[in-house]
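The next block holds one structure in the form of structure tokens; read it before the comments.
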Amino acid sequence: MNGLLANRWIRSGILAGPLVILLVGFLVIPLSAIVWDSIEGPSLNFAHYTYLFSYESNLKILVYTLKIGLLVTVLSLAAGYPVAYLLTKMASSAMSIVTTLILIPMFTAFLIRTYAWMVILGREGIVNNTLVWLGIVSEPQQLLNTTFAVVIGMVHVFLPMTIFTMYSSMSRIDHDFDRAAQILGARPVQAFLRVYFPMSLPGVFSAGILIFIGAIGFYITPALLGGPRATMISQLTITQMTTLQNFALSYASSIVLLLMTIAILFVASLFIPLEMIWSSATVEVSSRKPRARSRLFSGIKGILRPLLNAVETPIHTLTKPLLTRNAGWLWAYTIVLLLFLAAPLAVVVILSFSSSPFVVFPPPGFSLQWWAKLADATDWQASFLFSVKLAFTTALIATIIGTMGAFWLVRTKLPIKKPLFLFALSPLMVPTVIIAISLYVFEARVHLLGSFVGLVIGHVLLAVPYVIVVIAAALRGFDQSLESAAAVHGARPLQVLRLITLPILKPALLTAGLLAFLTSFDELLVGIFLLGRQTQTLQIKFWGDIQYQINPLLSAASTFLVVLVTVSILTAQWKRIRHNQRISTGTRQ
């Protein structure tokens, strides 16, 4: 093996092989198959696309999807920007606490958070009861099955991701630029609007593209919180596939959604490198060459300068009392936003101890009856154990494949490294509903549908990009002189990998493995299409019970999962802090 690893081409083939096989065999080929089937193969029949665009109801769904995606994106960016900005100014101890409080809802299953909003926005939910109690309304309002419910639920889902995406870019901006502008006479508002904010726009744009792509292809929250008038294209695609059994039209809907995603990414590529959207912390901004559009933006900025001058003075007057050194209002706003993120989880936890047989908030009394029923529910236990088995297998395989792929992308000299990096992250660019449908069709043809292997492949495909992003970032900051020193002292390649490289990368490997585990544990759509007659995963069990009946047993199951996520994140944070402390101690010594 050491002899094989000494050859650059063989080494690259070994590292890249599993990733390329996974992406080509279970993403490119399945997507090509549904494109081919959508036009009925050699007949080149585009009637399904014509049907999709010829009916007003379908066009309304497309327009509604784009509207919801844009609205969720704008609200998420506006709500998350102040928190991302404050994170760049926090001390490490405070930042660890705040990021943990954001990570917990971020990695809590979409279904659990959506279920919580069903309780909060229900006819007898917290919002309606509060409005009636305050006398604002005389009777409960229709909040569920509305666009309002869909937007609130989706903003809650995407807000943590928005914050961290912007922060990863904003953390590299030196606040001394802002201070220098104020020393030179700029007011705080001018320093922010003319210096800091323009420098943060790449991160804002990256977050916006990421959220918009995720929002237009999202399924869980619109399906549970929306109504007939709040139907998105992902719902239309799955309805055509599962209910109406119109496969060709479902394929056409999937391809339209895919083309919308590609168009968005193409527009984004005109402004920022696409790889920055998913791994902005690893992109060197200074390495980008000026382009003609930069001059265009300068011209636009010059045209808008009079408007900027006009709004700066009133903004400065309004915000002057808030612009203090201790950033008190930013802390107050961040606390409110953290409460918004945590409130649905808190509601779920409280309801799990309800004495009522129905979902009533606040609960009429305290009881452990739902925890006792959960402990005796063999179907829930079987689903949990199967999900853990599936997620652990997925995490192990995805971490191995993703780590090898990251080594290939970072350590190998490749002439087209950026396109290959984007190809490695391509499962993140394709909406999950499209991946689920394409895998369903492909695995049925190769006789993997309904098998554990086929299910693992689908989950690994979704989890590998997260592993690549984490490990690639760690490798870019890796001091390769340590490996060279070990080789000089006689260590063979595999010994260097085992004794030097992997121990140093251990925190990144644990983080990547945890991300892959949680990605698999939280996945619903791929499981619905690929599960077959196997034991239901926990998410599919949860999905079926929500659609059948909402009761506090779901709250007990949700609370159990929230506790598991919290313990996992706290453990990962603790290990990261201990690793950093050991490195600091070793450096001082």
Side-chain angles (χ1 to χ4, degrees), residues 27-28 30-39 46-77 147 150-151 154-155 157-158 161-162 165 205-223 226 230-241 246-272 274-278 422-423 425-439 441 462 465 525-526:
L27 182 65
V28 176
L31 286 177
S32 302
I34 66 169
V35 171
W36 187 246
D37 290 344
S38 70
I39 57 175
F46 292 90
H48 303 293
Y49 292 94
T50 304
Y51 175 85
L52 195 62
F53 288 100
S54 60
Y55 281 81
E56 184 180 359
S57 59
N58 293 334
L59 292 176
K60 285 183 177 179
I61 290 174
L62 292 174
V63 173
Y64 181 80
T65 299
L66 294 174
K67 183 181 76 172
I68 291 296
L70 182 61
L71 187 58
V72 169
T73 300
V74 172
L75 291 177
S76 298
L77 292 175
T147 297
V150 172
V151 171
M154 290 179 68
V155 168
V157 165
F158 288 114
M161 190 188 309
T162 308
T165 303
F205 196 76
S206 298
I209 295 299
L210 183 64
I211 301 309
F212 190 73
I213 290 175
I216 63 174
F218 207 55
Y219 175 75
I220 295 173
T221 301
T231 301
M232 298 181 66
I233 190 171
S234 58
Q235 296 166 264
L236 174 65
T237 302
I238 290 183
T239 300
Q240 294 287 352
M241 187 78 177
N246 192 337
F247 294 155
L249 188 58
S250 176
Y251 302 156
S253 302
S254 300
I255 300 308
V256 169
L257 178 57
L258 180 61
L259 291 176
M260 290 168 58
T261 304
I262 293 173
I264 294 166
L265 291 173
F266 174 76
V267 173
S269 69
L270 300 177
F271 299 93
I272 59 173
L274 285 182
E275 65 270 19
M276 185 177 182
I277 297 175
W278 291 275
L422 291 175
F423 176 64
L425 301 185
S426 55
L428 295 178
M429 307 179 198
V430 181
T432 306
V433 62
I434 301 176
I435 293 178
I437 290 175
S438 62
L439 282 176
V441 175
L462 297 177
L525 282 178
V526 168

Q: Look at the rings of Y55 and Y51 and say which category their plane angle falls in: under 30° parallel, 30 to 60° tilted, over 60° perpendicular.
A: tilted
Kindly indicate whether the side chain of [X], heavy atoms from C-beta on, has any atom under 4.5 Å from the side chain of [Y].
X    : Y    : answer
I68  : M232 : yes
H48  : L52  : no
M241 : V441 : yes
F158 : T73  : no
Q235 : Y219 : yes
L422 : M429 : yes
I34  : I434 : yes
I211 : V72  : yes

Heavy-atom closest pair, residues [X] and [Y]:
X    : Y    : answer
A207 : L77  : CB-CD2, 3.8 Å
I216 : L257 : O-CD1, 3.7 Å
I437 : S250 : CD1-OG, 3.7 Å
S438 : P30  : O-CB, 3.6 Å
S253 : L236 : OG-CD2, 4.3 Å
P431 : G217 : CB-CA, 4.1 Å

(Q) Is a donor from one side chain sitting under 3.5 angstrom from an acceptor on the other, for T237 and Y251? (A) no
Got a second to check how far [X]'s [atom1] is from [Y]'s [atom2], nearest 0.5 Å?
X    : Y    : atom1 : atom2 : answer
L71  : F212 : CG    : CZ    : 11.0 Å
L31  : L258 : CG    : CG    : 6.5 Å
L210 : L428 : CG    : CG    : 8.0 Å
L249 : S38  : CG    : OG    : 10.5 Å

Q: Quick one: do F247 and D37 satisfy side-chain contact (heavy atoms from CB on, under 4.5 Å)? Show the steps, please.
A: CA-CA 9 Å; F247 294 155; D37 290 344; over 6 Å; no
Q) L27 and S426: side-chain contact (heavy atoms from CB on, under 4.5 Å), yes or no, with the steps? A) CA-CA 9 Å; L27 182 65; S426 55; 3.3 Å; yes
Q | Criterion side-chain contact (heavy atoms from CB on, under 4.5 Å) on L70 and L66, from CA distance to verdict | A | CA-CA 6 Å; L70 182 61; L66 294 174; over 6 Å; no
Q: Take T239 and T231 through the side-chain contact (heavy atoms from CB on, under 4.5 Å) test and state the conclusion after the steps.
A: CA-CA 11 Å; T239 300; T231 301; over 6 Å; no
Q | Polar side-chain atom of T221 near backbone of M154 as donor-acceptor pair, under 3.5 Å | A | no
(Q) Can you confirm if the aromatic rings of F53 and Y49 lie within a centre distance of less than 6.0 Å? (A) no
